[in-house]
Amino acid sequence: MRICRAYTLESSHQLTGVPPTHKCSRLHGHQYRVVLTIEGPVDPVSGFVIDFWELDRAFAPLHEQLDHHHLNDVPGLGNPTAELIATWIGERLAIPGLRRVTVYETPDCWAEWDSPA
Ligand SMILES: Nc1nc2c(c(=O)[nH]1)N=C([C@H](O)[C@H](O)COP(=O)(O)OP(=O)(O)OP(=O)(O)O)CN2
Ligand SMILES: [Zn+2]
């Protein structure tokens, strides 16, 4: 079974790996959508793979660091592309069964980090 939990971030950034002529080298912001995907068996007592509240607790410190912040200033996120934000989140979340972190930069553009395990 797979379950998913989505969070919203309002953050600014500018990309440092693109030429100065690229519009994303300039300061701008996005409403990011972060989706955590967890895979595992359904516990026969709780009926849960994992309690959504446990996901909230695990993600809260990262949300605190990212939401309403300039992402370039977050340690480890010097060039905050969707790919590198998804990796940053995936590498910092210790959630049993975490399979995927999806970061939507816009409704039409997203990146997916898959757990190496
Ligand atoms: N592979 C990636 N490509 C791009 C990324 C990225 O993270 N990974 N990021 C950007 C910029 O951050 C840019 O802001 C993305 O927005 P864009 O696609 O331009 O969407 P808009 O909201 O600006 O919509 P438009 O319709 O294009 O105005 C670029 N590339
Ligand atoms: Zn952008």
Result block: side-chain N/O donor-acceptor pairs under 3.5 angstrom for residues 45-55, not counting sequence neighbours:
unit_1 : atom_1 : unit_2 : atom_2 : d
S46    : OG     : D43    : OD2    : 3.4
S46    : OG     : F48    : N      : 3.0
D51    : OD1    : W53    : N      : 2.8

Q. Taking all atoms of both residues into account, what is the closest heavy-atom pair of P80 and I85, and its distance?
A. O-CD1, 3.6 Å

Q) Just by distance, do the side chain of N79 and the backbone of T16 share a donor-acceptor pair under 3.5 Å? A) yes

Q) Which residue pairs pass the side chain to side chain donor-acceptor pair (under 3.5 Å) test with at least one member in residues 55-66, sequence neighbours excluded? A) R5-D56, Y7-D56

Q) Got a sec, which pairs hit salt bridge (Lys or Arg N to Asp or Glu O under 4.0 Å) with one end in residues 12-41, sequence neighbours left out? A) R2-E39, E39-R99

Enumerate donor-acceptor pairs with a distance under 3.5 Å from any side-chain N or O in residues 103-110 to protein atoms, sequence neighbours excluded.
unit_1 : atom_1 : unit_2 : atom_2 : d
T106   : OG1    : D108   : N      : 3.1
T106   : OG1    : C109   : N      : 3.1
W110   : NE1    : E112   : OE2    : 3.3

Q: Show the numbers, then the answer: is there a side chain to side chain contact (heavy atoms under 4.5 Å, CB included) between Y32 and D67?
A: CA-CA 9 Å; Y32 292 92; D67 184 45; over 6 Å; no

Q) Just how far is it from atom CD1 of I38 to atom CG of L93, taken to the nearest 0.5 Å? A) 8.5 Å

Q. Within the side chain of Q14, is there an N or O that forms a donor-acceptor pair under 3.5 Å with the backbone of S25?
A. yes

(Q) List the residues meeting ring-ring contact (aromatic ring centres under 6.0 Å, His included) with H69, not counting sequence neighbours, and say none if there are none. (A) none

Q) Where do T37 and C4 come nearest, in terms of heavy atoms and distance? A) OG1-SG, 3.6 Å

Q: Any chance you could lay out the side chain to side chain contact (heavy atoms under 4.5 Å, CB included) test for L9 and Q31, step after step, and finish with the verdict?
A: CA-CA 6 Å; L9 305 169; Q31 182 182 75; over 6 Å; no

Q: Just jot down the side chain to side chain contact (heavy atoms under 4.5 Å, CB included) partners of A60, sequence neighbours excluded, or say none.
A: none

Q: Could you point out which residue of L71, V18, L15, T87 forms a side-chain contact (heavy atoms from CB on, under 4.5 Å) with T81?
A: L15

Q: For D114 and R100, indicate whether the former's side chain and the latter's backbone hold a donor-acceptor pair under 3.5 Å.
A: no

Q: Heavy atoms only: give me the nearest A111-A86 pair and the separation to one decimal.
A: O-CB, 4.2 Å

Q. Ignoring hydrogens and geometry, is there a side-chain-to-backbone donor-acceptor pair from S11 to L66 under 3.5 Å?
A. yes

Q.
If hydrophobic clusters are built by linking Ile, Leu, Val, Met, Phe, Trp and Tyr wherever their side-chain heavy atoms come under 4.5 Å apart, do V35 and F59 end up in the same one?
A. no

**Q.** Test item: T102 and W113 side chains (from C-beta on) under 4.5 Å apart, heavy atoms
**A.** no

Q: Answer yes if the side chains of H70 and H13 hold a donor-acceptor pair under 3.5 Å, and no otherwise.
A: no

Q) So do S115 and L98 actually touch side chain to side chain, heavy atoms under 4.5 Å? A) no

